[in-house]
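The structure under discussion appears below in the form of structure tokens.
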Amino acid sequence: MLAYSGGLDTSVILKWLIEKNYEVIAFVADVGQDEDFEECRKKALLLGASKVVIADLKREFIDEYVLKAIMANAIYEDRYLLGTALARPLIAKKQIEVAREEGATAVAHGATGKGNDQVRFELCYYALMPGVKVISPWKDKEFLSQFKGRTDLLKYASERKIPVKASIDKPYSEDDNLMHISHEAGVLEDPMYTLHKSMLEKMVMPQDAPDKETRIVIHFRNGKPVKLVNKEDGTNKGRFL
């Protein structure tokens, strides 16, 4: 049971696991990312997945993770809203639930062997399914000997005709959900690099924004937002809990 996003890393991992004679079920978590999930399903099946499970986790993500984090003022170093960190335990929890339903005895993820996501995924796996076999390609010696970085991944994808969004000219990854989008790797790790406007998928550069502000009012109940009113045009978006 592979936590599959449809991106470069997990697409390569899916194919790599199949070449290692695993039967792979792709688990796709919908946490509100801008994604064509049917295309993601088709891609996973094209690469050889025996089945694709897409779980809609948006409501649970907001109610049980995002809103509680906001209420607790959970902001890392007063800047980072933890959108990625909050989504991982939920994804891992649901992945284990589906693994049990499908009779899978191993779970896999595409997190690197040097970051926090590997810990988030694996601690959840072991807590919820003690004894489960966890496959972490980015900590596997054979995988690492074959893939030294994104250039090797892109080369492998090209050789096996794996369609990917990443490219040599855009060598960074993105993690998107309802709370935010984060970018990492490649040129972004150079502190002298100036971002391109094309990276801003959720906003525009301040100099490109309208000169007039929009006034909104947010209504709360028991600490949770239940209604948003646009004071400029009267638009009312309500959701009563």
Side-chain angles (χ1 to χ4, degrees), residues 2-16 28-29 31-36 39-40 43 66 69-70 73-89 91-92 108-123 135-210:
L2 169 66
Y4 181 72
S5 69
L8 174 62
D9 287 42
T10 55
S11 293
V12 167
I13 288 170
L14 194 160
K15 196 69 173 177
W16 184 80
V28 183
V31 285
Q33 66 269 41
D34 185 11
E35 180 72 65
D36 185 330
E39 283 301 312
C40 190
K43 181 176 178 179
V66 174
I70 292 173
N73 197 32
I75 304 175
Y76 180 67
E77 293 186 342
D78 296 322
R79 297 186 64 179
Y80 184 67
L81 294 176
L82 299 171
T84 295
L86 290 170
R88 297 312 193 209
I91 294 169
H109 64 78
T112 65
K114 64 178 182 177
N116 293 322
D117 276 341
Q118 60 169 336
V119 180
R120 296 165 183 144
F121 276 114
E122 293 177 24
L123 286 182
I135 302 172
S136 307
W138 283 114
K139 292 186 283 187
D140 182 282
K141 289 184 178 180
E142 183 182 356
F143 187 88
L144 290 172
S145 68
Q146 185 175 353
F147 303 103
K148 305 273 192 311
R150 295 181 74 78
T151 299
D152 289 336
L153 293 173
L154 290 166
K155 182 173 180 289
Y156 178 92
S158 176
E159 291 171 350
R160 285 156 177 78
K161 298 181 173 25
I162 301 173
V164 292
K165 180 180 178 182
S167 67
I168 297 294
D169 296 326
K170 189 180 178 182
Y172 55 81
S173 63
E174 300 169 321
D175 183 67
D176 182 19
N177 60 45
L178 274 174
M179 191 176 192
H180 76 182
I181 185 169
S182 61
H183 304 75
E184 67 172 359
V187 294
L188 304 184
E189 296 182 9
D190 179 357
M192 300 304 293
Y193 178 77
T194 301
L195 63 83
H196 293 161
K197 291 182 180 181
S198 60
M199 290 179 60
L200 301 180
E201 299 183 21
K202 303 285 189 184
M203 58 172 285
V204 298
M205 296 289 281
Q207 57 266 38
D208 296 332

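Residue numbers start at 1 and run along the sequence shown.
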Measure from the side-chain N and O atoms of Thr10 to the backbone N and O of Gly110, and report whether any donor-acceptor pair falls under 3.5 Å.
-> no
Taking all non-hydrogen atoms of both residues, which atom of Lys43 and which atom of Gly6 are closest, and how far apart?
-> NZ-O, 2.7 Å
Interatomic distance, CG@Leu178 vs CG@Leu86, rounded to 0.5 Å, equals 12.0 Å
Mind running side chain to side chain contact (heavy atoms under 4.5 Å, CB included) on Leu154 and Leu8 for me, showing each step along the way?
-> CA-CA 8 Å; Leu154 290 166; Leu8 174 62; 3.9 Å; yes
Nearest 0.5 Å, what's the NZ-NZ distance between Lys139 and Lys114?
-> 14.0 Å
Would you mind reporting whether Leu2 and Ile13 have side-chain heavy atoms less than 4.5 Å apart?
-> yes
Quick one: side chains of residues 77-85, donor-acceptor pairs under 3.5 Å with protein atoms, not counting sequence neighbours, listed by atom name and distance.
residue, atom, partner, partner atom, Å
Thr84, OG1, Asp175, OD2, 2.7
Thr84, OG1, Ser182, OG, 3.2

What's the shortest heavy-atom distance between Ser5 and Glu35, and which atoms?
-> O-OE1, 3.6 Å
Who passes side chain to side chain contact (heavy atoms under 4.5 Å, CB included) against Lys155, sequence neighbours left out?
-> Glu159
Taking every non-hydrogen atom, the tightest pair across Trp138 and Thr112 = CB-CA, 3.7 Å
Quick one: does Lys202's side chain have a donor or acceptor within less than 3.5 Å of a partner on His180's backbone?
-> no
Any donor-acceptor pair under 3.5 Å linking the side chain of Lys148 with the backbone of Ser145?
-> yes
When rounded to the nearest 0.5 angstrom, what distance separates CD in Glu122 from CD1 in Ile135?
-> 11.0 Å
Residue set satisfying side chain to side chain contact (heavy atoms under 4.5 Å, CB included) with Lys141, at least two apart, ordered chain then number -> none
Just jot down the salt bridge (charged side-chain N to carboxylate O under 4.0 Å, His left out) partners of Asp9, sequence neighbours excluded, or say none.
-> Arg150
Side chain of Asp208, backbone of Val204: donor and acceptor closer than 3.5 Å?
-> no
Side-chain donor or acceptor of Asp176 paired with backbone N/O of Asp34 under 3.5 Å | yes
Contacts of type salt bridge (charged side-chain N to carboxylate O under 4.0 Å, His left out), residue Asp190, not counting sequence neighbours = none
Just by modelled atom types, is the Ala111 backbone N or O under 3.5 Å from a matching donor or acceptor in the Gln118 side chain?
-> no
Derivation and outcome, side chain to side chain contact (heavy atoms under 4.5 Å, CB included), residues Lys15 and Ile162 | CA-CA 9 Å; Lys15 196 69 173 177; Ile162 301 173; 4.0 Å; yes
Look at the side chain of His183 and the backbone N and O of Leu188, then say whether any donor-acceptor pair between them is shorter than 3.5 Å.
-> no
Using the test side chain to side chain contact (heavy atoms under 4.5 Å, CB included), find all partners of Asp140 that sit at least two apart in sequence or belong to another chain.
-> Trp16, Glu142, Phe143
